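Below: one structure, written as structure tokens.
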Amino acid sequence: MGQASLRTDELYQGTLARSANIPVLSPAGRAGRAHGARAGLWPRLMSHRGGRLGLIIVLAYVAVAVAAPVLAPHPPGAVNLAGRLTPPAIGTGNLLGTDQLGRDILSRIMHGARVSMLVGLATVSISAAVGVGLGMVAGYYGGALGRVLARFTELLLAFPYLIFVIGAMSVMGPGFWNLVWALSFKGWVEFYRLSRALVMSEKNREYVEAARVLGRSDSVICVREILPNIVSSILVLGTLRMGNMIVMESSLSFLGLGIPPRMPAWGSMINDGRRYMLTSPWVATFPGLALALLVLGMNLLGEGLRDVLDPKMMEG
Amino acid sequence: MSMKYRWMTAISIGLLLACTAVSLPVAGSGPSKALSVIVDTTADRSDEAQAIVEYLRDVGVSAEVRVWEWSALKERILAGGRQMYLTDWGSAYFDPFDLAVPKLKTGDRGNYSFYSNPRFDAALDAALGTIDAEARRQAYFEAQEILWADVPWVFGYSLLEIEAAQADVLDWQPSMDSRMNLHDVGLKRGDTIVVGMAADGILTLDPAAYRDRATETVIRNMFDGLVTRTVDGRVVSEIAESWSVVSDTEYVFNIRRGIKFHNGDALTADDVVFSFDRVIRDGAMGGRTSPRKGLLGPLAAVEKVDSHTVKFELSSPFPVLLQALVHVQIVPMNYVLNVGDDGFARKPVGCGPFKFVEGRLDDKVVMERFDGYYGGSSDLKPVGPARVKRAIFRMMPDPTVRVAAMKTGEVHIIQTVPAHLAASLARDRNLQVKSAEGTRVYCIEMNCARAPFDDVRVRMAMNHAVDWDTILKTIYVDGATRLATAFLPSGFGYNAELAPYTYDPSKARALLAEAGYGGR
Amino acid sequence: MACSMVSNMVCGMVHGAGTAAATGMLLDVCDLHTVYPSARGDVRAVRGVSLAVAPREVLGVVGESGCGKSALMLSIMRLLPRPGRIVRGAVRLRGVDLLGLSSGEMRDVRGREIAMVFQDPMTTLNPAYRVGDQISESLQVHRMTPSGASISPPRNACVRSRLWQARRAREEERDYVIELMRRVGIPSPDHRHLEYPHQFSGGMQQRIMIAIALACKPRLLLADEPTTALDVTIQAQVLDLMEDINREMGTAIVIVTHDLALAGDFCDNIAVMYAGQVVEWGPAEAIMEDPLHPYTRGLLLSMPRLGSRQPLRAIPGEVPDLTSVSSGCAFAPRCQQRTDRCEAEEPPLQIASGRMLRCHAVQAEAHNRARFRGCVAR
Amino acid sequence: MRLSRLQVKLIERIAATIPLTLAVALAAFVLMRAIPGDPVDIMMGEGASSSGEEVAALRTQLGLDEPIYRQLSGYLKGLLRGDLGYSIIRSRPVAEMIWEALPATIELAVYAMLFALALGIPVGVVSALKHNTAFDRVSTAVSFVGVSLPAFWLGIVGILVFSMTLGWMPTSGRIPYGLEPRHITGFLTLDALLTGNMPALGSALRHLCLPAVTLGLGVAAVVARVTRSSMLDVLGSDYVLFARAKGVPEPAVTIRHALRNAMIPTVTLVGLQFGSLLGGNMIVETIFGWPGLGRVVVDAIFARDYPVVQASVMVYALTFVMVNLITDLLYTVLDPKIALQ
């Protein structure tokens, strides 16, 4: 496959970066960023309109998630069959209505924020850890490992993902962490490709040479020198992937493979409500809106981080 | 230089920890020796399972739900590794033969609860060892009483089969076994009737190569059997004009004369013998054995007596033979031999009211009226060719979309309306909604071979703990019938005197306490 | 000749707009101000630049990077990237103020009257198109035939003759493109006009860019650091080419460079820019031999010269931040001759010793010298 | 010379798909045998009791009781002969099933992609041209929301609004009976065009509308974002400035000079997304009763119909590889640098 597939790879990584609005920075820019004194990431993010809004949204979600037991008017699992499918109304105690088991949708959305964000965070963290680790090794050393991984990632991309997840969930059985593993199984590929490409262009930079001349070991160079220089791109990809993972969870719920039902998760809530769309559209709509707003926040934050971390924005 | 990432890392880790720490609902730690169970279900019953879990918690059982994909769950159930699971099982024979036997007889195929009671097995054997109706009824009554006392399951309910049709569909009636006899149905306007099937697709068009109901629903409009069934489950003649029971193990059927297949061949005893041979003989379908073989139980041989008489020989008494024969369709021998099994499945020819036009099994199957139809069962009015010119079965797996298509008038009849949507359809003056008793038992099975459910008191407690009436009234919007045992009211030998277990949480708690599981 | 040209320019300057056409100036930039809004405030990239270019003249605009040279060129073309904008001033081409033209009229000027070449040919040529097509595109957008006449759509011509004409026109165009490529020194242009930019070396790419710029025979060529990205030997070839073009085709050239020596060799006049302003502007020899402005002097001293044993000296200090220019002379903080007046009051652009100069300190000195010589430029 | 190099490369690429496809087939085989469940048991369904011997006999007949390595070698041998096997549950050749379902899936994916491009590219371009304006902000926000709504939800809402309330679109299916064009390619719109059957074309397009939009909306959002950012890059490039300096009119600058170069990342994305459209449309197919490969394969997984799953996975992988190949070929058209490197 040689050259040709390498090209797809490179273009893929470029596309990836672009679709995620990740700066594939000019090398000089990146090197400059690592070593130039640049104070005030925080103020700069706060002065970035989209980034600020995104951060506020995300922090608000985190706050709601953490304070859910205090904020939520009802326990999220309180089944009340007599009061099922109550429409949203002010003053009834169910501001956003109730679902097919009479549970308060607002409370479930609040508690669901924990589960859904945890799904996103856990899958992205695992994917990023595996992907960046392998990507750095493959990018730094290349060679046989790189070739094996290249074939393996190709295999993963060519294998229909849903089929894999259905299979994996059948093998492992239902469960929160099983779902996270199944989602991470392919999620790492993007992180792998991005970090491999970044490391490949980074490893010939002067500062890496300098570290080598100083006799630093490879692992120290990777972790102490290269990683800080690529971490921002990875961070941005991570924020952008989180929303995707939460949506993925809902698709798996559609196939009956989602989060265990007593855990309120937005994806499962949307899927539950799907059956009642004709008669009680609020059941699916509110969790959908909650999800959309979080994804919007995440993307704005990711984009803000990109802009703030992009040295091109510093000039002019 | 990592300074500026530190805050981000801190936030990320903090978020992760915060969520982890507080998000996973920990199973409530109740009294010291609480019973703790995991209730397994498939996705379609997860709502119900969550409600059940709440009821179990009410009586001090710490319960959780797991949603599984069915095949994966079944394998684990069969391995004995699960505790309590929502299952269901259909019966097509209007007799406990294909329900109680596979589900509850020791070691049988569907016995996921590992229930074993020699007395119960003996009662079933007695019911199936004779064709004497009264003796059978008594045996079944006894079996039900044993079950009622032994409570191997949390007995559940059977769902109504709710169907809907446009108002201009005439003489339409859902049948209890979810078949759809379009021969009898008329249309006020138009000559093409479209049915929205509640299936992803049907498996085949060969009457010997399937085992599922959806396929039968479609195929039964192109093929007739020796006998058929009324919507309320009575067996009446179809291709067979009459029959006689020579002995417990020998039946003789007289074939109606003048029946033609769609290709013009006359139907004779040879075709009947061939059709049955194809099902019961090993490797009769081009080296493969029909999956329907088991449906005919101890049927050993079908022999031609003369051109319009066949004799059935059984290796042991088979009281449900007539019900079983409803599900075997007659195929044209010469045609099948000519085109081969694959060719036959591609372009099937039968002697039913409709002939095959074209079909994609996961999209739609189109058939046209067979004008040479002999008229069908003389017990089912009207007799004669079908009233509509064309019938189309469309596969519409999503219930919401089926209902939407009904409302937009794209289909004339839809199967399996979700109970919560039935009311909204019934309010529509252009539509009619009807229902029939279901033939499927929904229950919660327990692993009776292992603690804690090897203790009848615990099983009994479970039966008292679940408020089925509320569940059926709300989640299933009254579209279900509560069952006292595993037997269906529509089936033969139903003991109407046994009442379903009442919802009684305090009794459930007491029983649990008695069994050593601390209640509150 | 150069001397009289400068005096002409000065006239143009002094007497205002009306006389520019009369004095035969090709381009006349008058008190041009350009800003780029940014988060930290407006960057004042061009601050009251006045310049003029006579027909057939070669003017060098020299300065450190970030002094507003490119912004000046883009302002002339009215191609400042958003959100940059021209605040005030005038850019007259043969007496017509370009700033007052509609965008359609301005588009007609670009490429046809004023052409521009950029620093890095690698990124300036569109990678997706054959070079021949990129050259002829200029002709097509200006609806010009190779002979220079505008194409007017033939009236009442039958389809066939139109087709024939179109084919003729295409062939002519191709021949012209090949000829043009030959003219700028590209070997075997009859094959190479079908190739893509990446198939050429940097020098060849720069020649193609010049060919594109010359396609419509513009009167003025703006060259923004045309040789900076090239090897030294190639630089010389490209400069030779531009010199030829200037001589043979009569195209006036404004060449932007940070290389004072290059400008000295190549140009008729030189304008030295600092912090968005022209600080010294005059005949090339005069400036090279007798730089008056302290900044020009600094530039010359920091420039290595063959045979000179003088040590190189860098100009102390840094280029000022253009968002917050103080009221005084922009160069004052780095100037060794600064006075209190320099820090308080911005020096005007004035005539001194046969050139234009923006400096308080040298002003007086030059005035004295001029009186001593008894020759005041008019 | 150049052509032959391209040809060599093409052959190389096609040859390289063979090991990948085999690896995918192997992975599918392993995955299917690893997941619990048994096709025979599912095939026997419910109803009357079937004896253990009967099930065992059927297993023997289907070769399911042979050791795994024998099953695998049999499967691979079949593959080498071009034999995809026989569906256990549906007792018909797998190749036939796939051949029947694939055109529906591809047609849906193609139209979904066309919709995504038709919406995403103009929105992306206009956002880039009107960078930082209200249009840009709104379209960006909408595209974020578009990405974050699951397709099954969109599908139901679409049916609710456009079929039930407005009555513009049919709820499901590909085309009503009686309107089908003569079968030539299996792609209904193409067949209708080839046979000049306009009513069929109209109906097929109407049926395609909702599923294609449901499937394509998320992709449209991503396409818009990628186009916007690459357009922004390109609009700031020297050659666009140079084109303006040549006096090229603004529309020509945007389309001829900027968009063409900005399309390169979009094409990469389209290639990748097309693969995921093909492989990820099971849910949309289920909702819209679309008779495509997605439903066949999900059905087959749940029924443990090993040969069908294995073959479908291979078909997916092959399509994915082919789409990548086409994408790469498209680059050589868009970016002349690649053709000769």
Side-chain angles (χ1 to χ4, degrees), chain B residues 69-72 74-76 89-93 97-98 101-102 105 108-110 192 194 200-201 203-204 206 209 211-212 282-283 285 287-289 291 293-297 320 324 341-342 345-346 357-358 360-364 366 390 392 394-398 400-401 404-405 407-408 410, chain D residues 35-52 54-55 57-58 61-62 86-87 89-93 96-97 100-101 104 152 155-156 159-160 163-164 167 169-174 176-178 180 285-292 295-296 298-299 301-304:
Chain B
E69 186 254 324
W70 171 240
S71 299
K74 185 161 86 176
E75 186 144 323
R76 288 177 166 89
W89 189 275
S91 160
Y93 285 10
F97 163 74
D98 60 344
V101 176
K105 205 172 162 186
D108 213 310
R109 198 162 67 92
T192 300
V194 184
D200 235 320
L203 298 186
T204 177
D206 180 342
R211 193 77 188 250
D212 65 313
D282 281 333
M285 297 170 65
R288 297 154 55 88
T289 306
K293 187 179 183 219
L295 295 174
L296 288 169
V320 292
D341 294 284
D342 282 351
R346 258 190 280 273
V357 177
E358 60 167 36
R360 275 277 315 274
L361 302 188
D362 51 1
D363 182 15
K364 55 178 177 268
V366 181
R390 193 179 290 120
I392 298 173
R394 275 180 60 185
M395 308 304 150
M396 307 180 88
D398 192 285
T400 315
V401 173
K407 289 202 165 189
T408 59
E410 277 171 66
Chain D
I35 69 178
D38 178 351
V40 171
D41 193 58
I42 291 157
M43 190 175 168
M44 297 313 289
E46 305 170 336
S49 177
S50 303
S51 60
E54 199 189 331
V55 173
L58 203 55
Q61 211 177 78
L62 293 167
Y86 223 76
S87 160
I89 307 289
R90 286 168 186 263
S91 50
R92 51 191 297 226
E96 200 180 290
M97 291 170 65
E100 197 177 76
F152 59 79
I156 300 274
I159 288 173
L160 208 66
S163 301
M164 284 183 64
M169 253 57 104
T171 51
S172 62
R174 273 183 97 189
Y177 171 72
E180 292 102 331
E285 286 187 359
T286 299
I287 287 176
F288 290 99
W290 197 261
R295 264 167 69 200
V296 170
V298 169
D299 223 31
I301 293 178
F302 287 142
R304 307 294 188 263

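Below, read A as the first sequence line, B as the second, and so on, with proteins coming before strands; counting in each chain starts at 1. Since the model is a prediction, treat every value here as computed from it, not as a measurement.
- If you take OH on D:Y177 and CZ on B:R394, they are separated by 14.5 Å, rounding to the nearest 0.5 Å.
- Proximity to chain D (any heavy atom under 4.5 Å) is shown, for B:A345, by neither the backbone nor the side chain.
- D:I301 CD1 to B:E69 CD: the interatomic distance, rounded to the nearest 0.5 Å, is 8.5 Å.
- A salt bridge links B:K364 with D:E180: the distance from a Lys NZ or Arg NE/NH1/NH2 to an Asp or Glu carboxylate oxygen falls below 4.0 Å.
- Between chain B and the options D:P170, D:G173, D:S163, D:S172, heavy-atom pairs under 4.5 Å are most frequent for D:S172.
- Looking at D:A303, there are no atoms closer than 4.5 Å to chain B (heavy atoms on both sides), in backbone or side chain.
- Residue D:R92 is tested with B:D341, B:T204, B:D342, B:L361 for a side chain to side chain contact (heavy atoms under 4.5 Å, CB included); the sole match is B:L361.
- Between D:A101 and B:R360, the shortest heavy-atom distance links the atoms CA-NH2, 3.9 Å.
- B:E75 meets the side chain to side chain contact (heavy atoms under 4.5 Å, CB included) test with D:P36; sequence neighbours excluded.
- Contacts with chain B were tallied for D:M164, D:R174, D:E96, D:E100; D:E100 has the most, counting heavy-atom pairs under 4.5 Å.
- For a residue to count as touching a neighbouring chain, one of its non-hydrogen atoms must lie under 4.5 Å from one of that chain's; by this rule B:K74 touches chain D with the side chain only.
- Listed options B:E358, B:R76, B:M395, B:M285 were ranked by heavy-atom pairs under 4.5 angstrom with chain D; first place goes to B:E358.
- With a threshold of 4.5 angstrom between heavy atoms, B:V320 does not approach chain D through any atom at all.
- Counting only distance, with no hydrogens or angles, the side chain of D:R304 and the backbone of B:S71 share no donor-acceptor pair below 3.5 Å.
- For D:I156, the part lying under 4.5 angstrom from a heavy atom of chain B is the side chain only.
- Shortest non-hydrogen contact noted between B:D363 and D:G289 is OD1-O, 4.4 Å.
- Heavy atoms closer than 4.5 Å to chain B are found in the side chain of D:I159, but not in its backbone.
- Of all non-hydrogen atoms in B:D362 and D:R295, the two that sit nearest each other are O-NH2, 2.9 Å.
- Of the atoms belonging to B:T408, it is side-chain heavy atoms, and not backbone ones, that fall under 4.5 Å from chain D.
- For D:L160, no part lies near chain B; criterion is any non-hydrogen pair under 4.5 Å.
- The distance from atom OG1 of D:T171 to atom NZ of B:K407, rounded to the nearest 0.5 Å, is 13.0 Å.
- Residue D:E285 does not touch chain B at all, counting heavy-atom pairs closer than 4.5 Å.
- Between B:R288 and D:Q61 the shortest heavy-atom distance is CA-OE1, 3.1 Å.
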